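On a predicted model such as this, the values are computed, not experimentally measured, just so you know. The figures that follow rest on heavy atoms only: side chains count, while hydrogens, waters and symmetry mates do not. Within every chain, numbering begins at 1; the chains are lettered A, B, ... in the order of the sequence lines, protein sequences first and strands thereafter.
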Amino acid sequence: MMSPIRRFLALLISSVCVAITINACESTPGDRILAIDSQGSVVALLFHDNDRNSVFSAADQRLPGVTVDLLMRGATELTAGGVTDSAGFRGFSVPVGRYTVQVAASSLGDSMEVAGGNAEFTVGDGDTLTVLVPLHYKTVTIAEARVLTDRARRWVKGIALNAPIAFADSTMHITSDSVAIRIVNVRPNLGIFPAESVLFLSRKSTRNGQPVIEAGTPPYDMLIVASGVPVPPPDSLSTLAASTADSATRDARLAKVAAATISDTITISGNNVLTVSDGSGPLRVFLSPNINFGQRNRFRPGVKLDVVGVLVPDATNAGQWVLKPRISPDVVILP
Amino acid sequence: MKSGTHVMCGGPPGRRESVLRPRAFVRVLLFGLLALVHAAGAGAQTLATGILQGVVRDEAGRPLNAVTITITNRSNGQRLITRSNRSGTYSSDLLTPGRYDALYELLGYVPQVLEDILISAGSRRDLGVRLEAPRGPIERRVGTSNAALTISGQAGPDRYLTTGTTSTASMPFDAEGLGALLRIATMAGSRHEVLGLPASLTGVVVDGIPLIARSRVMSLYPRDVGLPLSWFSHVGLVTSDVDVEYPGSAAGYLIGYTRRGGRQMAVHGFGDFTSEALASGDQPPASFSSYRAGALVQGSIVRDTASFIVGGEILRSRTPFAPFWANDSTAGRIGAAAQEEFGIGLESLTQPSLSTLDRTSAFGRFDFAFSETSSLSLRGFFSEIPEPEPVEPWTGIPLASAITPRFREILGTATMVSHIDDQLLGEVNLGLESSRMAATTTAGRGQALPGTTIVDAGYSFGSNEAKDITGEQLAFYARGALHIQSGSHWRKIGLTAWLPNYKLPLTLARSGEFLFANVPDFRDSFGYYRTIGGSPSTADFSMRRISLVGQDAWRPNPGLEIVAGLRVTSFTLPDDSTQITPNQLWFALTGLSNFPVLSSSSIELEPRFQMTVNPGGRTDIQLRAGIAVDADIADPGILAEAINDNGGFIVNSGFGQLQKWPRANVAPVAPSRGNTLVVLGPKFRGPRTTRAFGSVTLMLGAQGAISAGVTVRRTEFLPQRVDLNLQPVASSQDQFERPIYGRLEKRGSLLIAEPDSNRRFGGFEHVWGLQAAGQSRYFGLDIMAERPLIGPLGLFASYTYSSAKDDWLIGSPSDPFTQLRPFSDGDDADDWEDGRSDLDVPHRIAIGAEGRLEGSVSATLSALFRYQSGYPFTPGFRAGVDANADGSWHNDPAYIDESIAGTGALLDSWPCLKEDAGGFAQRNACRGPSLKSLDARLAVTLRRAAGYSATFVLDGLNLMSSDDGIVDRAVYLLDPARNLEFSADGKSVTVPLVANPRFGQLLTRFAPQRHVRLGLRVSF
């Protein structure tokens, strides 16, 4: 029979062991740690947002083979990345948090970028988010467009100064407050009118030594943003300054010469060109046959005119600019 | 969440835990009972009582049967009678602490009296007696005094000399509360920490009734301040006792035993007074007068049967302090700016100041021995502390404000003890405690200033605590115990129930916090602002702790005692389903719920074992060793935070031109908004401590005793705070590869994270995860010696060497921003965190001396000297420099870069920096100034034959004192002349730094000034 001391110690050790065992198994450190280990799923759909409405629609085009990354907010290292499949999709499983999409420019080519910048979205626990990633060509200002050095496509935004049909040469002009540019190869039947804010998908080019942009191909090459936009007032120039576009600084801009006297005889069936001078020097004015300026025989030598028009390099006389009135009110015969 | 009792064990949260159903719980209880029956039970000392026991023998050493032992309480004359058994063994249990005489009588033998036997609570005095046959006419013979054996059977690092002949009454600090004892306990520190754990983890037990757990919310004061020493006849600090009835505190227990009425009607009056005329220091002290007045009236209602004592005390204490701010010129510029620009004076910071403590307290006790074997004791307490300290208690930051917390406590207890027969005693304890705290902004005392920091000066002032809050705690305590003597076994079985209810507000609804780069920006109110606002919320919840205890103290022979016990405790947390409002948005975002995490109940087994040996039966040497497991209740302050902060509070923050300081700023100047939330971690629970100890005591007869002991403690499940809404990955790094979580903004010396830039989810600001995953380790070596005051001189000396490590960033519990981890996972964050504790103080010394001249006029001169190492701190940056942009400017260690000009000189002066050169400073690598203090008392007593006595007391306070305060932990300051330099890819940033020549010096000092206090004690 077990002695009292042994029995005592046995029970003591037993109770201590039971307590330690129960307490020890409760001590697993990991199961007390609070951490957010939830994940969510993100499916990114990359598409060319042709109609620039940031919504995937029939007008838009899926973009396969594009490298797309997810970055947790504030992070500089990507959280997940991959290439879109043939339908423009790429799926990710990521820790919950705030993310932005980053699309590798090298896999896009041209000037494509994510529309609206890298918008932030939140991935919650168990979420399955479909993130639309509209891409489109970059938008540049007229000033930026004039100094581009490559021929990538870009959207150029400005206020239309003339209708494509005005000069019968598929050109039109757009302007901002301080600078303008000429667009070539514009389809004459585009329904654009002066004082409309427009976007042109175009490539940079050069004509007669001056930067121009070449209009793209339909159907998604032009957007009218707004109508009735105030057109910046024309630059008032002397006929001499206008003839050089003020040393080429006002190419494509809207200019006005005042009280200029016709020194040349109009040739209605010829080149439709008047030569006028306000005394500072001669300036050639092109009267487009597509515009109704009234009875052309009114434009006789000695007649004084106020003329508003866009300044266009003279293809036949290097260094000279021609003033092209856009609409009939641009030419006013003075009494 | 559905209620259910269960034991948690392993596995993924909520899935693999084995659930212990109520039926199983009953089985556990039965197991505990069986263990008690088989393994033997408990000795009959309790938290409130002690035992006198021993063996009576004849001259030949043979045990004497049926010796009558009459034990008389010297203070009130109450008597207990017991008899020895056939083995000569006798035992008288449940003796209330005090001094006793014991008369041993047996027909045919000379009676023997042992006088002045000290019985302290929880103690077992073992006094063997030899009765001699008469060699002439029988006469009573007075035995030798037992006063010398003051720590007999009590030796070890936990038993303090205050229960011995060196009484607290003779030490010069009796105007304070129960915690004054900690000044002579060297395992405690000046911040009231014990065994490397903060004061909130030290329990308080009064007359065997544990007071309700202190929480951060209610601890504007250390709890013990409200319990005047004048109530108590004995006080003690217990850190390594294994008795099953101690209620599981992680650090230890402050225990107090109240005075009781005596045989004679007596009145004791006492008073102290001091003023600026009795103070001196480096600067003239502020004008003040300070006094304390009180009286105790005691007497007998029915002689030797019923007695009473009532008392009251009014304390209006003012302690003069040197100016808080150390740098006078900078302090002057800040003070001038506040006065000139805002019309607010900061004189309390720039000029000598006063520490205030106003306390009104009352106490009463009634003892009634309603039969020869049964007694009843009723006690009532009241205490109110309506005045604030001049510094924020946890952070030590000067308040310069007028927030007045009023802390009121009412306690009533009842104890009934019944000796059913010689072998069976019953004891019932009941306690009811009510505490109420109200912090309100006091009108007419100036403005309550928000927390304000001038970064380049390093100065902070004001309070970012919530204003106008109230909290209440109400607890009912009941204990019943049976004490059974069976042969050499003393067993006890008991059941305790502790049922607290809390009404706790959210203190994190802050008053606002300003950061200014420099004084000109302070004048212009240009800087950073953060506040937390929302509708007031008060959590109202109840908890339960019910324990079944069993213990056996077995003495197989006179030189050996084995104590083994087991406590089976059921903890019940608040019913989470009704208390915590779920935050659906956070749950949807993260899958982490703030509501289904509380377990309704859990069972803890708390075994204990202790062995005491007197080698060879010698009574002058004693060895003791033991081990015990204690589980504590979860911090109700944390539960209140989880209940209150369910997403309804909003943080506003902003950087730039603010509205005029100190006006609260919200949008648009502080436009960033986000909700706060608290999420309790899985299996949240209270801490559990395993403690092992060993000691050896050498008793030197009348010359005193020497004791040495070792304590090893490990505490688990301490609450850790993690910021769940911090960005999980760093967005960049600085020149030292420190991870940076948001965008840094710099202005002058100020460096902060741009609001919202470091948040993982928008719409949320701080989401605090509170998880029971922290741990703390302590090793302590204690040596103490005592020469009792039985002649003209008494002396004690105590030394403790200790080491404390933890991964529980204690910091300032009231400021959660101190709890953040500075490094992300994988950056050796765990290694950095698991280091030297904030409360690691390796060396502590306490020396007390007392000399007495007796005569018609007696004089006592006593002095207390204390020394301790400085508290550690982490070399880092000033407040207002958030180097890792995680939202906190308290937690960033410095990278010790020798290439920065001036670093070399710092390394030469601070070896702690040299060790970390070329890397990040280790946590708490350096140490602040050591602390010393010396107080002395001269007491002259005049006695008159009619029982009148008058004692004149002259206290010399702070005769030697070293400055404590806030250390300048900034190794580097931001170069205000240079900007941040970002790399082109944004992945790195260079932060311009210059060495801080004032590193390690005190920015704010708490330097009490020398002063003399006059006192008078009268008794009649």
Side-chain angles (χ1 to χ4, degrees), chain A residues 2-41 70-80 94-100 102 119-129, chain B residues 7-13 31-32 35 38-40 552 554 556 562 564 566 587-592 603-607 609 627 629 631 679-684 688 690 716-717 720 722 724 727-732 741-743 757-762 769-773 985-987:
Chain A
M2 190 181 285
S3 72
I5 291 181
R6 287 184 178 175
R7 188 174 60 182
F8 180 92
L9 290 176
L11 284 167
L12 169 70
I13 292 169
S14 301
S15 61
V16 169
C17 287
V18 167
I20 290 175
T21 302
I22 291 177
N23 291 334
C25 72
E26 202 181 352
S27 305
T28 309
D31 63 4
R32 294 185 181 279
I33 299 298
L34 259 174
I36 301 173
D37 51 10
S38 304
Q39 297 223 328
S41 296
L70 289 190
L71 271 75
M72 187 165 272
R73 183 171 186 262
T76 52
E77 303 294 338
L78 66 91
T79 304
V94 291
V96 294
R98 288 191 278 185
Y99 287 89
T100 56
Q102 183 169 292
E120 189 176 280
F121 59 92
T122 298
V123 180
D125 178 37
D127 281 351
T128 302
L129 292 181
Chain B
V7 171
M8 297 169 286
C9 184
F31 170 79
H38 288 288
D552 184 14
W554 182 35
I562 298 171
L566 179 65
F587 182 71
L589 287 172
T590 65
L592 284 181
I603 302 295
E604 283 285 338
L605 301 183
E606 303 165 80
F609 175 75
I627 183 168
V629 175
V679 179
L680 280 182
K683 301 181 181 178
F684 190 82
R688 183 176 67 205
T690 303
E716 307 164 278
F717 309 123
Q720 285 180 327
V722 294
L724 293 173
Q727 285 287 12
V729 292
S731 57
S732 59
Y741 298 93
R743 283 187 293 277
S757 68
N758 52 12
R759 300 294 91 194
R760 184 171 188 169
F761 295 101
L770 298 173
Q771 57 192 22
D985 60 5
K987 292 184 178 180

* **Reported CE-to-OG distance for the pair Met72(A) and Ser731(B), which is rounded to 0.5 angstrom** => 12.0 Å

* Structure fact -> Scanning both residues in full, the closest heavy-atom pair of Arg73(A) with Gln727(B) reads O-NE2, 2.9 Å

* Side chain from CB out, backbone as N, CA, C, O: work out which of these in Leu770(B) comes under 4.5 Å of a heavy atom of chain A, or both, or neither. => backbone

* Mind ranking Ala631(B), Gly742(B), Pro728(B), Gly762(B) by heavy-atom pairs under 4.5 Å with chain A and telling me who comes out on top? => Gly762(B)

* **Straight-line distance of Leu34(A) CG to Leu680(B) CG, nearest 0.5 Å** => 8.0 Å

* Considering all heavy atoms of both residues, which atom of Arg760(B) and which atom of Pro95(A) are nearest to each other, and what is their separation? -> NH2-CB, 3.7 Å

* Asked: Heavy atoms, side chains only, cut-off 4.5 Å: are Asp125(A) and Phe587(B) in contact?
  -> no

* To do: Could you list the residues that satisfy salt bridge (Lys or Arg N to Asp or Glu O under 4.0 Å) with Arg98(A), not counting sequence neighbours?
  => Glu120(A), Asp756(B)

* Asked: Nearest 0.5 Å, what's the CD1-CG distance between Ile36(A) and Leu724(B)?
  -> 5.0 Å

* Proximity breakdown for Thr590(B) and chain A, heavy-atom pairs closer than 4.5 Å -> both

* Of Asp127(A), Val96(A), Thr122(A), which is the lone residue that meets side-chain contact (heavy atoms from CB on, under 4.5 Å) with Leu589(B)? -> Thr122(A)

